[in-house]
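Along the sequence shown, residues are numbered consecutively beginning with 1. From a predicted model like this one, the values you see are computed outputs, not experimental measurements.
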Amino acid sequence: MRSDVPRERLRFLSNPKMPPERRRRVRQDRKTQARPDGRAGARWGGPPRKAAPSCQRKSLAWPRAAAAAISVASEEEKRLRLRNRLTLEEDKPAVERCLEELVFGDVEDDEDALLRRLRGPRVQVQEDSDDSEVEKEAKDNFPPQKKPVWLDEEDEDEEMVDMMNNRFRKDMMKNANENQLSKDELQKRLKEEFQHAMGGVPAWAEANKWKTPSDGLFDLDESEEDEDDLLQRTGNFISTSTSLPKGILKMKNCQHANAERPTTARISSVQFHPRAQVVMVAGLDNAVSLFQVDGKTNPKIQSIYLEKFPIFKACFSANGEEVLATSTHSKVLYVYDMLAGKLIPVHQVRGLKEKIVRSFEVSPDGSFLLINGVAGYFHLLSMKTKELIGSMKINGRIAASTFSSDSKKVYASSGDGEVYVWDVNSRKCLNRFVDEGSLYGLSIATSRNGQYVACGSNCGVVNIYNQDSCLQETNPKPIKAIMNLVTGVTSLTFNPTTEILAIASESMKDAVRLVHLPSFTVFSNFPVVKKKNISLIHTMDFSPRSGYFALGNEKGKALMYRLHHYSDF
């Protein structure tokens with residue numbers, strides 16, 4: 001057997017007395033000598049293996065090394081990209097990240113997966129698909145909104161609005177405890193104020209006013225049928241308010257009726273138009289002015305100036321088409337035609353020998369004009385022609401007169417404290433009685449519903465009678481005697497619903513009261529004693545639906561108040 005190891009060395013290895021450590025070292029040296037390149041070697045006792053060519057060794061080693069290097073580089077590049085992407089994602093808003101997840105997928109997906117998704121087949125939306133379906137699908141795919149983790153209880157508290165430090169909000173306070181209101185309560189209060197100012201909810205603000213074409217808004221035949229049916233029926237189409245409570249009258253101050261035409265002369269007449277939302281103010285400044293009533297600015301419509309004619313009394317006709325005016329020292333009666341815009345002076349009435357024409361009354365039906373004369377005479381004229389129909393006479397001097405609600409009777413109060421009742425058609429005296437406790441009569445008024453007659457005397461007492469008793473009894477007893485005034489009662493006015501009687505005296509400041517009917521008690525909150533802004537009252541009037549109350553004083557101001565109980569003008 002052939003061996004390249006020297007015999008001495010073999011002999012040395014075969015020696016049993018050789019230490020084990022040295023024997024292992026010798027064996028390692030033998031292996032190194034047998035395989036010098038570390039790869040090609042031969043077994044002991046056999047021929048040596050032939051080494052592979054150098055080109056073949058290079059071709060086998062290069063693919064494995066290159067693949068390992070590429071793999072390492074790819075992993076490192078992916079790691080860097082992921083780190084950079086996560087860094088950018090942290091700076092983006094949540095909405096943008098949510099949108100990117102919806103369009104491109106999860107941010108954790110690698111770029112290869114994203115490229116595969118983008119190169120994939122696109123979903124073609126059918127041409128006949130509805131847009132609402134696409135929107136619905138997009139909404140379904142959108143991630144649900146997360147609820148907040150923490151809620152602050154103070155955020156849910158209603159924000160309070162200060163009412164005292166704002167002059168507009170201060171007027172809307174109903175009592176002293178409403179220093180602050182929530183936004184919802186303030187909004188409701190503003191709606192109430194708007195409805196009171198407009199006399200109810202306007203037609204354009206009604207929720208059920210606007211209808212779709214399918215609801216019949218454009219059905220002309222149906223609307224014409226409804227109109228014909230309305231014209232064929234009769235009745236009261238104006239809704240009446242509920243009973244007025246006693247004690248406190250809910251009301252507020254409005255802008256003066258004549259604020260756009262201020263004057264310092266005494267206001268002798270203030271009256272609301274019977275059909276339009278207009279108020280007339282006349283005074284000793286020789287002018288009659290008309291104002292539009294809105295409760296805020298009351299814009300002026302027109303002013304009629306009468307030269308050297310200080311107005312003693314001005315009044316609308318029953319239909320509201322004319323304005324009649326008399327002076328303090330003239331016998332001329334001016335008639336202003338509002339439709340034609342002409343001023344017609346009536347210098348002389350045939351058969352009327354009065355030197356001065358001052359106080360007069362217009363009948364509710366618009367047929368007659370009653371002029372109070374001297375020496376106990378009062379004259380009945382035709383409203384249409386201004387001609388004398390007849391004259392009536394009472395004992396003593398005529399203090400005041402008025403028509404009944406049906407225009408068939410005339411009530412006249414004398415200076416002797418007596419009340420006369422006359423028939424208009426026959427011009428005969430129906431009854432005469434003494435006003436209880438009165439020494440000198442100053443004023444008289446009748447209610448619209450034909451129930452009451454109020455008589456004011458010089459001692460401040462107002463006696464309220466039943467009209468039937470005034471016609472049938474020779475000595476009727478008053479239902480109630482109002483004694484809240486201490487000076488002569490110069491003005492008496494019933495409101496249209498016969499729920500309020502306004503009494504006033506021009507001899508004392510703030511001497512005005514509102515009496516509740518039928519309890520015959522005075523409203524305690526009017527007038528406000530602390531303000532002292534009413535002064536001496538010479539004239540009063542209620543609007544046609546009792547929504548407003550006006551006063552004229554000697555300072556040239558036509559005070560106006562909004563009565564909240566009544567929703568209409």
Asker: Taking all heavy atoms of Tyr336 and all of Leu343, pick out the closest pair and write down the distance.
Answerer: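 Shortest heavy-atom contact: CB-CD1, 3.9 Å.
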Asker: Can you tell me if Thr263 uses its side chain to pair, donor with acceptor, with the backbone of Gly556 under 3.5 Å?
Answerer: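 Not at all, since once roles are kept as given, no pair shorter than 3.5 Å links the two residues.
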Asker: Do Ser289 and Ser303 get their side chains close enough for a donor-acceptor pair, meaning under 3.5 Å?
Answerer: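 Distance-only check passes for Ser289 and Ser303.
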Asker: Roughly how far apart are Asn484 CG and Thr521 OG1, rounded to 0.5 Å?
Answerer: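 Going from CG on Asn484 over to OG1 on Thr521, the span is 9.5 Å.
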Asker: Does Asn553 use its side chain to pair, donor to acceptor, with the backbone of Ile534 at less than 3.5 Å?
Answerer: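 Flag set: sc Asn553 to bb Ile534 pair under 3.5 Å.
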Asker: Check whether any side-chain N or O of Gln277 sits under 3.5 Å from a backbone N or O of Val293 as a donor-acceptor pair, and report yes or no.
Answerer: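 Yes, Gln277 side chain to Val293 backbone: donor-acceptor pair under 3.5 Å.
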Asker: Answer yes when Glu76 and Arg79 have at least one side-chain N-carboxylate O distance shorter than 4.0 Å, and no when they do not.
Answerer: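 Result for this pair is yes, salt bridge flagged.
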Asker: Would you please indicate yes or no on a ring centroid separation below 6.0 angstrom for Tyr561 and Phe526?
Answerer: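 Yes, they do, as the ring centres are separated by less than 6.0 Å.
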Asker: Going from CG on Leu563 to OG on Ser543, what distance comes out if it is rounded to the nearest 0.5 angstrom?
Answerer: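 Reported to 0.5 Å precision, the distance equals 7.0 Å.
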Asker: Could you grab the distance from atom NZ of Lys246 to atom NE2 of His516, nearest 0.5 Å is fine?
Answerer: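 Answer for the NZ-NE2 pair, Lys246 versus His516, is 8.0 Å.
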Asker: In sequence, state the C-alpha distance, the side-chain angles, and the governing distance for Arg275 and Phe316, and then conclude on side chain to side chain contact (heavy atoms under 4.5 Å, CB included).
Answerer: CA-CA 11 Å; Arg275 297 183 180 179; Phe316 283 112; over 6 Å; no
Asker: Measure from the side-chain N and O atoms of Asp184 to the backbone N and O of Gln187, and report whether any donor-acceptor pair falls under 3.5 Å.
Answerer: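 Checked: no pair found.
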Asker: State which residues pass salt bridge (charged side-chain N to carboxylate O under 4.0 Å, His left out) with Glu322; sequence neighbours excluded, sorted by chain then number.
Answerer: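 Expected list: Lys386.
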Asker: Please collect all side chain to side chain donor-acceptor pair (under 3.5 Å) contacts where either partner lies in residues 253-262, sequence neighbours excluded, each pair once.
Answerer: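 Residue pairs passing side chain to side chain donor-acceptor pair (under 3.5 Å), neighbours aside: Arg261-Asp285.
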Asker: Over all heavy atoms of both residues, which pair between Leu514 and Leu249 is shortest? Give the atoms and the distance, please.
Answerer: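 Looking at all heavy atoms of both residues, the shortest contact is CD1-CD2, 3.7 Å.
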Asker: So, using side-chain contact (heavy atoms from CB on, under 4.5 Å) as the criterion, who are the partners of Asn495 when residues are at least two apart?
Answerer: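 With neighbours one apart ignored, the set is Thr497, Glu499, Ile500, Phe542, Ser546, Tyr566.
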Asker: In Å and rounded to the nearest 0.5 Å, what is the CD to OG1 distance from Gln271 to Thr493?
Answerer: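 Rounded to the nearest 0.5 Å, the CD-OG1 separation comes out at 10.0 Å.
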Asker: In Å and rounded to the nearest 0.5 Å, what is the NE2 to CZ distance from His538 to Arg266?
Answerer: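 The CZ atom of Arg266 is 4.5 Å from NE2 of His538, to the nearest 0.5 Å.
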Asker: Side-chain contact test, heavy atoms from C-beta onward, threshold under 4.5 Å: evaluate it for Pro299 versus Asp294 and give yes or no.
Answerer: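 A side-chain contact exists here, since the closest heavy-atom pair is under 4.5 Å.
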Asker: Looking only at non-hydrogen atoms, find the nearest pair between Leu244 and Phe523 and report the distance.
Answerer: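 Smallest interatomic distance, heavy atoms only, reads CD2-CZ, 3.7 Å.
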Asker: Which is it for Thr539 and Leu551 under the side chain to side chain contact (heavy atoms under 4.5 Å, CB included) test, yes or no, and what are the steps along the way?
Answerer: CA-CA 6 Å; Thr539 178; Leu551 301 168; over 6 Å; no
Asker: Would you kindly say whether Ser535 and Glu554 are connected by a side-chain donor-acceptor distance under 3.5 Å?
Answerer: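 The answer is yes; a qualifying pair exists.
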Asker: With a 4.5 Å heavy-atom cut-off, do Leu290 and Val278 have their side chains touching?
Answerer: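 Of all side-chain heavy-atom pairs linking Val278 with Leu290, at least one is under 4.5 Å.
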Asker: Taking the side chain as every heavy atom from C-beta outward, state whether Met251 and Arg562 have any pair of such atoms under 4.5 Å apart.
Answerer: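 No, every pair of side-chain atoms sits at 4.5 Å or beyond.
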Asker: What are the two closest non-hydrogen atoms of Gly552 and Val270, and how far apart are they?
Answerer: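 For Gly552 versus Val270, the nearest heavy atoms are N-CG1, 4.0 Å.
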Asker: Using the ring of each side chain (for Trp, its six-membered ring), is Tyr548 parallel, tilted or perpendicular to Phe272, with breaks at 30° and 60°?
Answerer: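 Aromatic pair Tyr548/Phe272 classed tilted.
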Asker: Between Leu181 and Arg189, does the side chain to side chain contact (heavy atoms under 4.5 Å, CB included) criterion hold? Intermediate values first, please.
Answerer: CA-CA 10 Å; Leu181 289 179; Arg189 191 66 54 82; 4.1 Å; yes
Asker: Give, for atom CE of Met338 and atom CG of Asn319, the distance between the pair rounded to the nearest 0.5 Å.
Answerer: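 It comes to 10.0 Å.
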Asker: Which atom pair, heavy atoms only, marks the closest approach of Pro274 to Ser317?
Answerer: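 In terms of heavy atoms, the two residues are closest at CG-O, 4.0 Å.
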Asker: Does the side chain to side chain contact (heavy atoms under 4.5 Å, CB included) test come out yes or no for Val512 and Met540, once each step is laid out?
Answerer: CA-CA 10 Å; Val512 57; Met540 305 180 298; 4.0 Å; yes
Asker: Quick check: closest heavy atoms across Val528 and Asn525, and the distance to 0.1 Å?
Answerer: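 It is CG2-O, 3.9 Å.
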